[in-house]
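What follows is a single structure, written as structure tokens, with notes after it.
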Amino acid sequence: MEEQVKSIFSTISKRYEFANSVLSFGRDRYWRQMTVEKLALKGGEKVLDVCTGTGEMAFLLSEKLRKGGEVVGVDFCEEMLQSAQEKARKIGRKNLFFKKANALNLPFSSGSFDAVTIAFGLRNLTDRKKGLKELRRILKSQGKLAVLDFSPPSSGVTGKIHQFYLKKIVPLLGGLVTGKKEAYSYLAASIENFPSSEELKKIILASGFSSVSVYKFTFGAVSLHLALV
Ligand SMILES: C[S@@+](CC[C@H](N)C(=O)[O-])C[C@H]1O[C@@H](n2cnc3c(N)ncnc32)[C@H](O)[C@@H]1O
């Protein structure tokens, strides 16, 4: 399963960001910006962005911490990381580093980060509970975790429209933009099978966090879970 996930992202890495903008009507940047805002970083923190992909969240974090602090982005897909590293070289960010690593077995000592972000990544982990416990392990005792991800369609009319968009439009548009329709059928299926924001809150609490605040964006299609150690 992990190999399948890696291979999906390796085939779409070049068009990944453009496809995100199209499919989210340009909202994806706003969702990540809100995540950075809600983390309320003061400066000087060490932040890890897990499942960093092409590094969009990591770049926003490094911008926020430009006067002090450090951001590390990790991902297990070589091609996605290459895109992130190319951008970092062009921009010349001094406080941003990328590293190849599996979210389920991170190469960092316990208690080494002030904050951890995982944007549109938890859904892709083969063992989410193990992943959350691993994120808890590397956080300091006052640490914060931000989980940004899509939520499955709710019941009712809005849910039906959401379901139609995921099942029909996402594979069609995603396929047109990237030439990889199957990657976007996977995306739609992974969203439908993801826990609701209420269920996810319980899972995060059961992974060793003391409190979780939930913020919903774009009619509840996306949720941010902000957890404290
Ligand atoms: C949907 S992308 C999200 C990228 C980025 N965070 C964003 O906001 O656009 C999911 C990423 O998770 C990575 N990923 C999935 N499972 C992983 C794992 N076990 N360890 C590390 N990275 C993983 C994939 O390679 C992919 O780059």
Side-chain angles (χ1 to χ4, degrees), residues 1-24 26-36 38-39 47-63 71-88 96 98-108 115-135 137-138 145-151 166 170-171 174 177-178 180 182-191 193-194 217-218 221-225:
M1 182 65 187
E2 275 198 349
E3 284 311 310
Q4 198 188 337
V5 173
K6 221 184 266 184
S7 140
I8 286 172
F9 286 103
S10 69
T11 59
I12 58 168
S13 63
K14 294 273 183 293
R15 308 284 283 166
Y16 174 78
E17 290 184 9
F18 181 56
N20 275 352
S21 296
V22 172
L23 291 171
S24 71
R27 297 308 280 163
D28 62 315
R29 190 173 165 82
Y30 165 78
W31 300 329
R32 292 191 197 86
Q33 276 168 340
M34 286 305 291
T35 303
V36 175
K38 294 287 179 198
L39 269 173
V47 184
L48 180 69
D49 182 40
V50 180
C51 295
T52 196
T54 58
E56 286 186 282
M57 178 66 91
F59 282 98
L60 289 177
L61 290 163
S62 76
E63 173 65 25
V71 180
V72 183
V74 295
D75 201 286
F76 71 3
C77 175
E78 194 82 56
E79 290 79 359
M80 294 289 273
L81 269 184
Q82 269 167 14
S83 292
Q85 275 158 339
E86 268 166 39
K87 278 191 290 178
L96 175 58
F98 290 104
K99 193 177 170 72
K100 188 172 173 186
N102 193 321
L104 301 181
N105 187 16
L106 291 165
F108 304 109
V116 173
T117 55
I118 179 164
F120 310 106
L122 188 64
R123 205 169 12 90
N124 295 290
L125 299 189
T126 48
D127 188 340
R128 287 178 202 135
K129 286 184 186 158
K130 184 175 175 190
L132 285 166
K133 284 190 178 150
E134 184 62 350
L135 303 185
R137 180 186 71 76
I138 54 143
L145 167 70
V147 179
L148 179 69
D149 219 313
F150 295 109
S151 290
L166 287 178
V170 167
V177 173
T178 62
K180 301 283 171 196
E182 56 292 355
Y184 288 86
S185 301
Y186 159 81
L187 168 71
S190 70
I191 297 172
N193 295 322
F194 198 54
F217 307 123
T218 317
V222 169
S223 303
L224 165 65
H225 289 69

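First listed ligand is number 1; within each ligand, the first listed atom is number 1.
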Among side-chain atoms of D49 and T117, is any donor-acceptor pair under 3.5 angstrom? yes
Is a side-chain donor-acceptor pair under 3.5 Å present for S83 with S13? no
What protein heavy atom sits nearest atom 13 (C) of ligand 1, and how far away is it? D75 OD2, 3.2 Å
Kindly assign one of parallel, tilted or perpendicular to the pair F9 and Y16, based on the angle between their ring planes and the thresholds 30° and 60°. perpendicular
What is the ring orientation for W31 with F120, classed by angle as parallel under 30°, tilted 30 to 60°, or perpendicular over 60°? tilted
K100 with E78: basic N within carboxylate O range, under 4.0 Å: yes
Heavy atom under 4.0 Å from ligand 1: found in [X]'s side chain, backbone, both, or neither?
X	result
M80	side chain
T52	backbone
F76	both

Between R32, E56, E78, flag the one that comes closest to atom 8 (O) of ligand 1 by a heavy atom. R32
Around atom NZ of K99, are there more than 12 heavy atoms of other residues, nucleotides or ligands at under 6.0 Å? no
If you measure every N/O of T54 against every N/O of ligand 1, is any gap under 3.5 Å? no
Could you tell me whether L104 and ligand 1 have an N or O pair separated by under 3.5 Å? no
Test item, S10 contacting ligand 1 (heavy atom, 4.0 angstrom): no
Taking only non-hydrogen atoms of V5 and a 4.0 Å limit, the atoms of ligand 1 in range are 15 (C)
